[in-house]
Structure formats: structure tokens, C-alpha cells
Amino acid sequence: MRQTGERLPNDSISYKPVGEAFFKLPTLTLARNLLGCLLVKETEEGIASGYIVETEAYRGPLDQAAHSYNNRRTKRTEVMFAEAGRVYTYLMHTHCLVNVVSGEVGTPEAVLIRAVEPYEGIDLMIKRRGSMAMKNLTSGPGKLTKALGIHMTDYGRRFDEPPIYIAPGFAPEKIVTGPRIGIPNSGEAKNYPWRFWVAGNPYVSK
DNA sequence: AAGTAGATGATCT
DNA sequence: GATCATCTACTTG
């Protein structure tokens with residue numbers, strides 16, 4: 001890990017995916033640890049990557065806001081029951097959202113990646129998003145998947161090898177927590193402070 | 001700058 | 001047929 005706040009040099013980029021052990025932590029810890037890490041996606045169009053700056057934890061059986069609440073096991077949620085480090089993608093309206101599966105096998109928990117700070121492949125992101133405004137490129141869960149080229153075809157893959165993986169980035173100066181976004185109909189769970197973000201980062205969603 | 005409305009489609013009951 | 005872990009464009013000020 002780099003010094004606090006320090007970004008990687010932008011020349012001679014080479015990524016080293018994290019190991020399997022990175023994911024074997026309690027879900028809330030993993031949601032924190034993912035902040036500052038790079039999310040990398042390789043496609044035929046090229047490589048695109050960004051620093052993760054906002055996440056949310058979803059904790060299976062306990063959590064009314066989770067797709068897997070009450071151990072609900074369907075074709076969609078199946079991968080959440082697998083081992084930590086797998087890719088859980090699902091569709092929300094017209095958008096694809098991406099999660100990191102966490103927790104023990106059989107415990108359906110995951111961390112939603114809500115925002116990243118663009119790092120490599122910015123031209124590609126602009127092309128995919130059809131927008132020039134930097135701050136609008138990856139500042140939301142549906143936006144970042146489009147910018148990075150993450151699709152439903154990534155469902156079930158692992159986050160520790162190409163074409164989609166997590167790599168070490170920078171150490172955030174300050175991490176803030178608060179209630180999660182967009183889950184008004186989930187009873188008590190809507191107040192849990194399970195959203196994590198890098199304080200002051202302009203790419204955090206609103 | 002902030003708030004609202006409408007688009008949009010798979011998944012599940 | 002209801003339910004969304006969203007986005008964009010359009011309003012208002």
C-alpha cells in the first residue's frame with residue numbers, strides 16, 4: 001500500500017491483482033479495505049481502471065435491504081452463497097451494478113461498488129459514457145460499470161485475475177460512514193451505517 | 001444548486 | 001403485476 005493519499009505514477013502502469021486472502025475478512029471490514037484499491041477491467045477495447053472511493057455492505061440473512069435477505073436463494077443471488085472474491089453483477093433498470101462477494105461459503109453477503117475515481121483508460125470511459133465531463137464519468141454504481149465495460153458476462157468470475165480484478169491503490173486519508181442510499185423500503189436496515197466513502201473525494205455519488 | 005419526473009427491463013411472486 | 005442497491009433531463013430559483 002502507498003503512503004496516505006498518494007496516487008500511483010501514471011507512466012509504466014502495471015497492475016498486481018490482490019490475492020485470495022484479501023477477500024477473507026468480515027464484510028464490513030472488506031467494504032472499508034476496498035476503498036483506495038483499483039478496480040481494473042480488461043476488454044478487447046483496452047484496459048480501464050479506477051480507484052474505489054465508495055462502497056456499501058449488504059449482509060445476507062440479517063439485512064432487509066439485501067437481495068439475499070432471509071437466505072433468499074434464486075438464480076440471481078446464487079453466487080452470493082459462494083466463496084468471497086467472486087463477482088456479483090445484476091441489472092437495475094437498464095444498468096449493470098457490480099458487487100464483491102464476501103463472507104463464508106453459504107453466507108450470502110456482498111459489497112456494492114458505488115463509485116470510482118478514473119485512473120487508466122479515461123478516453124475509453126468518455127467514449128463509452130458519451131460524455132466529456134470528468135466528474136460525471138464514474139460517480140455512481142451504474143455509471144462506473146458502463147465506463148469500465150463491466151457487464152452481466154462478468155457474473156461469477158473472480159476478482160483476483162483478468163479480465164476483472166482488484167489491485168492495490170492508495171491509502172485513503174479519511175474514511176466516512178453513513179446510511180446506505182436508495183433503500184427506503186427496508187425497515188430498520190435502511191438506517192444501518194454500512195456505506196463507506198473516501199472523505200472529500202469528488203467522485204463519491206450523491 | 002437542488003429537486004422532481006419519467007424512462008426502462010429483468011427478476012421474482 | 002409489483003418491485004427495484006439508477007440515470008438523465010428538465011424544471012425552478
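Values reported hereafter were calculated over all heavy atoms of this structure, with side chains retained and with hydrogens, waters and symmetry mates removed. Source: prediction; values computed, not measured. We name chains A, B, ... by the order of the sequence lines, and we start the count at 1 in each one.
Note: OH (Y69(A)) to P (dT3(C)) measures 17 Å, nearest angstrom. Computed from coordinates, the L144(A) CG to dC7(C) C1' distance equals 13 Å when rounded to whole Å. Atom CD in E56(A) sits about 8 Å away from atom P in dT6(C), given to the nearest Å. Regarding L91(A), its CG atom lies at a distance of 11 Å from the P atom of dC12(B), rounded to whole Å. Rounded to a whole Å, the OH atom of Y88(A) is 10 Å from the P atom of dA5(C). Straight-line distance from the CE atom of M92(A) to the C1' atom of dG6(B): 14 Å, rounded to whole Å. For the pair E54(A) CD and dA5(C) C1', the interatomic distance rounds to 11 Å; values are reported in whole Å. Rounded to whole Å, the distance from NZ on K206(A) to C1' on dG3(B) is 9 Å.
A distance cut-off of 5.5 Å between ring centres, combined with a plane angle under 30°, places Y58(A) in a stacking arrangement with the base of dA5(C). Put simply, H95(A) does not rest on the base of dT6(C): the two rings are not both less than 5.5 Å apart at their centres and under 30° in tilt.
The residue R73(A) sits apart from the nucleic acid: no heavy atom pair falls under 4.0 Å. Within 4.0 Å of L112(A), counting heavy atoms only, lies at least one base atom of the nucleic acid. If you check every strand for non-hydrogen atoms under 4.0 Å, N185(A) touches sugar and phosphate atoms only. As judged by a 4.0 angstrom heavy-atom cut-off over every strand, R72(A) is placed among residues touching the sugar-phosphate backbone only.
The existence of a salt bridge linking E83(A) and R158(A) is confirmed by a sub-4.0 Å separation between a basic side-chain nitrogen and an acidic carboxylate oxygen. With respect to the salt-bridge test (charged N to carboxylate O, under 4.0 angstrom), the residues R86(A) and D160(A) do not qualify. A salt bridge between R114(A) and E56(A) is present, with a side-chain N of the basic residue lying under 4.0 Å from a carboxylate O of the acidic one.
At a non-hydrogen distance threshold of 4.0 Å, nothing from residues 192-205 of chain A comes into contact with DNA chain B.
In this structure dT8(B) sits in no base pair that meets the Watson-Crick or G-U test at under 3.5 Å. For dT11(C), the paired base is dA2(B) (Watson-Crick or G-U wobble, both distances below 3.5 Å).
The side chain of R129(A) contributes an N or O atom lying less than 4.0 Å from OP1 or OP2 of dT8(C). The side chain of H67(A) places an N or O atom within less than 4.0 Å of a non-bridging phosphate oxygen (OP1 or OP2) of dA5(C).
In this structure, the nucleotide among dA5(C), dA10(B), dG9(B) sitting nearest to the side chain of R114(A) is dA5(C). Considering only side-chain atoms of K75(A), the nucleotide from dA10(B), dT6(C), dC12(B) that sits closest is dC12(B). When each of dA5(C), dC7(C), dT8(B) is scored by its nearest atom to the side-chain atoms of K143(A), the top-ranked nucleotide is dC7(C). Taking every side-chain heavy atom of R76(A) into account, dC12(B) is the closest of dC12(B), dA5(C), dT8(B).
For T94(A) and M152(A), each mapped to the nucleotide of DNA chain B holding its nearest heavy atom, the one lying further toward the 5' end belongs to T94(A).
Counting non-hydrogen atoms of neighbouring residues, nucleotides and ligands closer than 6.0 angstrom, the CD atom of E104(A) reaches no more than 12 such neighbours. Around atom CD of E45(A), more than 12 heavy atoms belonging to other residues, nucleotides or ligands sit under 6.0 Å away. No more than 12 heavy atoms of other residues, nucleotides or ligands lie within 6.0 Å of CD in E188(A), so this atom counts as exposed by the packing criterion.
Taking the six-membered ring where the residue is Trp, the centroids of Y119(A) and Y51(A) are separated by under 6.0 Å. In summary, the aromatic rings of H67(A) and Y90(A) are positioned with their centroids under 6.0 Å apart.
A donor-acceptor contact under 3.5 Å links the side chain of Y90(A) to the base of dA5(C).
Judged by the 6.0 Å and 45° rule, R32(A) forms no cation-pi pair with F196(A).
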